[in-house]
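Contents: one structure, followed by commentary.
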Amino acid sequence: MRVVRFWPLAAGLLLLAGLWLGPLPGMARRAFSPHMILHLGVMVVAAPLIVIGFMRLSPPDLVPRFRYLGAFAASVFDFAVVWGWHVPALHEAAARLDPAFALQQLSFLAAGLWLWWICLAGRDAGSGAAGAFAMLFASMHMAMLGVLLVLAPTLVYAPQFCLGAFGLDPLQDQQFGGGLMALFGALPYVAGGAYLASRLTVQEA
């Protein structure tokens with residue numbers, strides 16, 4: 001039963017290994033939609049699974065004040081990481097340079113782990129509310145950036161880093177990647193925020 005209980009941690013680590021050791025890193029440096037699949041896989045699938053698994057191993061016991069400040073700080077860091085690495089200069093640096101690519105991926109993981117951990121760690125109503133707002137903010141900025149990429153009339157990044165993938169031409173590939181971010185980047189945070197909000201209603205009942 002203990003093995004079954006910790007399956008999210010194993011699943012998250014296996015997924016992370018598959019994402020980073022498979023073909024996606026190479027593809028992500030040449031086309032936009034593979035980059036986005038890798039980005040979302042790390043931040044909104046692997047990270048929450050790892051967090052849930054670790055919380056089952058050792059439930060956090062944070063003072064409420066730290067949870068409130070932590071939720072705000074994690075939200076700001078998550079926003080800076082996501083938007084920063086999609087600025088053309090930084091995105092293209094990650095595509096060209098191995099150290100920049102490694103830093104990009106590690107910062108995606110760090111931002112995802114921090115945000116999911118601090119939001120799910122709270123046990124009191126105030127912490128739950130702070131976590132729900134943090135999740136809402138994350139869903140909004142992910143959706144906004146994704147929509148901007150979908151609506152961009154031309155390539156945002158240099159052509160050599162946007163060669164297209166999955167049979168799509170470069171602009172279609174960029175739009176597809178933006179659509180993935182707008183939808184699948186936002187939905188996990190919406191689900192997380194809804195879960196935290198539902199916990200609030202139970203606590204108040």
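We're numbering straight along the sequence, starting at 1. Please read all numbers here as calculations on a predicted model, not as lab measurements.
A donor-acceptor pair is defined here as one N or O able to donate and one able to accept, closer than 3.5 Å; no such pair exists between the side chain of Q174 and the backbone of C162. Side-chain N or O atoms of Q172 include none that pairs as donor or acceptor with a backbone N or O of G167 at under 3.5 Å. Proximity of a side-chain donor or acceptor of D173 to a complementary backbone N or O of S33 within less than 3.5 Å is detected.
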Practice item. Take Q175 and L168 through the test side chain to side chain contact (heavy atoms under 4.5 Å, CB included) and record every step on the way to the result. Key: CA-CA 10 Å; Q175 293 168 340; L168 302 172; over 6 Å; no
inquiry  = Set out, in order, the CA-CA distance, both residues' side-chain angles and the distance that settles side chain to side chain contact (heavy atoms under 4.5 Å, CB included) for W83 and L90, then state yes or no.
reply    = CA-CA 10 Å; W83 283 72; L90 290 182; over 6 Å; no
Should F32 and L149 be marked as a side chain to side chain contact (heavy atoms under 4.5 Å, CB included) after you check the CA-CA gap, both sets of side-chain angles, and the distance that decides it?
CA-CA 10 Å; F32 189 72; L149 290 165; 3.5 Å; yes
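Shown here are the side chain to side chain contact (heavy atoms under 4.5 Å, CB included) partners of F101, two or more places apart in sequence or in another chain: P25, R29, L38, Q104, Q105. Residues satisfying the ring-ring contact (aromatic ring centres under 6.0 Å, His included) criterion with F137, sequence neighbours excluded, are F79, H141.
Interatomic distance, F176 CZ to M36 CE, rounded to the nearest 0.5 Å: 11.0 Å. Rounding to the nearest 0.5 Å gives a distance of 11.0 Å between CG of L97 and CG of L103. Rounded to the nearest 0.5 angstrom, M55 CE and W117 CH2 are separated by 9.0 Å. L163 CG to M27 CE: the interatomic distance, rounded to the nearest 0.5 Å, is 11.0 Å.
Hydrophobic clustering of Ile, Leu, Val, Met, Phe, Trp and Tyr side chains at less than 4.5 Å, counting indirect connections, unites F108 with L106. The hydrophobic cluster containing Y195 does not contain V190, counting ILVMFWY residues as joined when their side-chain heavy atoms lie under 4.5 angstrom apart, directly or transitively. Using a 4.5 Å cut-off between side-chain heavy atoms of Ile, Leu, Val, Met, Phe, Trp and Tyr, with links allowed through other members, L187 and L49 fall into the same hydrophobic cluster. F77 and L145 fall within the same hydrophobic cluster, defined by Ile, Leu, Val, Met, Phe, Trp and Tyr side-chain heavy atoms under 4.5 Å apart, directly or through other members.
Counting heavy atoms from C-beta on, the side chains of W114 and V81 never come closer than 4.5 Å. Side-chain contact check for H86 versus Y157: some heavy-atom pair is nearer than 4.5 Å. Looking only at side-chain heavy atoms (C-beta outward), L196 and L120 come within less than 4.5 Å of each other. When side chains are defined from C-beta on, T154 does not count as touching L171, because their heavy atoms never get closer than 4.5 Å. H39 places a side-chain heavy atom less than 4.5 Å from the side chain of V82. At a threshold of 4.5 Å between non-hydrogen side-chain atoms, the residues W116 and M135 count as touching. By the 4.5 Å heavy-atom criterion applied to side chains, P88 and V156 are counted as neighbours.
When all heavy atoms are compared, the tightest approach of C119 to A134 is SG-CB, 3.6 Å. The minimum heavy-atom distance linking V150 with G178 is given by the pair CG2-C, 3.5 Å. Closest heavy-atom contact between G12 and A46: O-CB, 3.8 Å. Between A138 and D78, the shortest heavy-atom distance links the atoms CB-OD2, 4.0 Å. The minimum heavy-atom distance linking G112 with A47 is given by the pair C-CB, 3.7 Å. A31 and G164 make their closest contact through CB-O, 3.7 Å (heavy atoms, listed as atom of the first residue, atom of the second, distance).
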